Amino acid sequence: MAGRFFSFVGGDGGAWRVTRMAAITGQSLERVERLHVVEKRLESPPANAEWVLRGVTSYERYVTAAEQQQLRARQPPVGRPEATRAALIPIRKSDEWWQLPHDERRRIFEDRSAHIATGLRYLPAVARRLHHGYELGEPFDFLTWFEFAPGDAHAFEELVGELRRTEEWRFVIREVDVRVERD
């Protein structure tokens, strides 16, 4: 299971310096100075942590075979040396979202909101890795991790702006935007 479980630790340690934290919808997280990304599930917060968000990487739930092929061909890996900017965006969707049948969620997600098509336009400038928390009983359903070079910050802003204006985002009841830079 190595590489599947991730913990995002907000506190006073870690490779990423927090430059901004904002609640987009719902309650924010406690303000922290640093973010540490740990490639394992931490059961309890370290002594210097205000919070720990946990998630697991998994299969891509709403993609077709053709979309998956396009994503794999264009998606750069996280951890590129030039990607010294990042964003952790934890998201929780409403019970109404989770009560919809899978095919209806897919219609909202891609057919009407163009989530995948939008993301593809910003690859390879913006790398992303999605972590699922819903099935783990975590406070956020998704932890989205994006990395990009400073020169691609405008592309990232366009990407999240487009996604937040979609029908899909009407189901988001909690979203926090944590921006970080690597020293």
Side-chain angles (χ1 to χ4, degrees), residues 3-4 6 8 16 19-26 35 37 39 53-94 97-98 100-135 138 140-182:
R4 289 198 59 214
F6 287 82
F8 294 86
W16 297 92
T19 59
R20 185 175 86 206
M21 289 182 66
I24 305 302
T25 302
L35 181 69
V37 182
E39 291 191 44
L53 304 178
R54 297 169 196 88
V56 61
T57 57
S58 184
Y59 68 94
E60 294 154 331
R61 286 168 167 77
Y62 301 117
V63 299
T64 65
E67 291 163 345
Q68 185 179 57
Q69 186 176 17
Q70 290 175 0
L71 287 166
R72 288 183 178 168
R74 299 190 62 197
Q75 171 69 38
V78 297
R80 299 171 293 163
E82 69 273 15
T84 59
R85 305 278 170 87
L88 170 65
I89 303 181
I91 294 170
R92 181 169 192 87
K93 290 190 174 176
S94 67
W97 172 263
W98 293 109
L100 292 171
H102 184 272
D103 59 338
E104 180 60 20
R105 289 196 308 262
R106 162 65 194 195
R107 278 192 287 278
I108 294 167
F109 177 81
E110 187 58 26
D111 298 346
R112 299 197 302 253
S113 296
H115 190 118
I116 297 164
T118 301
L120 279 166
R121 289 198 318 269
Y122 294 95
L123 295 176
V126 179
R128 62 108 177 114
R129 185 174 60 217
L130 180 64
H131 309 83
H132 300 270
Y134 180 78
E135 291 88 355
E138 292 293 322
F140 292 95
D141 301 329
F142 305 100
L143 306 174
T144 51
W145 177 252
F146 300 93
E147 291 182 0
F148 47 92
D152 292 320
H154 68 283
F156 178 71
E157 295 300 336
E158 289 175 10
L159 169 63
V160 294
E162 285 185 47
L163 291 174
R164 287 176 178 150
R165 289 188 295 272
T166 65
E167 178 183 353
E168 176 193 359
W169 244 252
R170 291 192 319 212
F171 294 91
V172 173
I173 59 171
R174 187 175 181 200
E175 177 185 4
V176 181
D177 192 326
V178 181
R179 301 298 176 93
V180 295
E181 293 181 359
R182 190 169 49 216

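Because the structure is predicted, anything quoted here is derived from the model rather than measured.
Side-chain contact check for L53 versus E138: every heavy-atom pair is 4.5 Å or farther apart.
Here the rule is salt bridge (charged side-chain N to carboxylate O under 4.0 Å, His left out) with E168, and of K93, R106, R105 only K93 fits it.
Distance alone, capped at 3.5 Å, places no donor-acceptor pair between the E104 side chain and the P101 backbone. A distance-only check finds a donor-acceptor pair linking the side chain of R4 to the backbone of T57 [under 3.5 Å]. Under the 3.5 Å distance criterion, the side-chain polar atoms of S113 are matched with a main-chain donor or acceptor of I108. Although no hydrogens or angles enter the test, the distance criterion places a donor-acceptor pair under 3.5 Å between the side chain of E110 and the main chain of I116.
A distance of 10.5 Å separates CD in E167 from CG in D111, rounded to the nearest 0.5 Å. Once rounded to the nearest 0.5 Å, the distance linking CD of E157 with CZ of R179 reads 4.0 Å. The structure places CZ of R54 at 10.5 Å from CG of L143, a figure rounded to the nearest 0.5 Å. Of the inter-residue distances, the one linking Q75 atom CD with R128 atom CZ reads 5.0 Å to the nearest 0.5 angstrom. A distance of 10.0 Å separates CD in Q70 from CG in L123, rounded to the nearest 0.5 Å. The distance from the OG1 atom of T64 to the CG atom of L71 is 9.0 Å, given to the nearest 0.5 Å.
Side-chain contact check for W98 and D141: at least one donor-acceptor pair (N or O, by modelled atom type) lies under 3.5 Å.
Below 30°, between 30° and 60°, or above 60°: for F8 and W145 the angle between ring planes is between 30° and 60°, a tilted geometry.
R164 and E175 are joined by a salt bridge, as a carboxylate oxygen and a charged side-chain nitrogen come within less than 4.0 angstrom of each other.
For T144 against I89, the heavy-atom pair with the smallest separation is OG1-O, 2.7 Å. Across A87 and F148, no two heavy atoms sit closer than the pair N-CE2, 4.4 Å. Between V180 and W16 the shortest heavy-atom distance is CG2-CE3, 3.4 Å. Contact detail for P76 and P124: the closest heavy-atom pair is CG-O, 3.2 Å. Residues L159 and G119 come closest through the heavy atom pair CD1-CA, 4.0 Å.
Taking the six-membered ring for Trp and the full ring otherwise, the centers of F142 and H132 sit less than 6.0 Å from each other.
F6 carries R129 over the face of its six-membered ring, with the cationic atom under 6.0 Å from the centre and within 45° of the normal.
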From CA spacing to verdict: side-chain contact (heavy atoms from CB on, under 4.5 Å), V176, F140: CA-CA 10 Å; V176 181; F140 292 95; 4.2 Å; yes
V37 vs L88, side-chain contact (heavy atoms from CB on, under 4.5 Å): CA-CA, chis, key distance, verdict: CA-CA 10 Å; V37 182; L88 170 65; over 6 Å; no
Worked check of side-chain contact (heavy atoms from CB on, under 4.5 Å) between V178 and M21: CA-CA 5 Å; V178 181; M21 289 182 66; 4.0 Å; yes
Intermediate values then yes/no, side-chain contact (heavy atoms from CB on, under 4.5 Å), F146 and R85: CA-CA 8 Å; F146 300 93; R85 305 278 170 87; over 6 Å; no
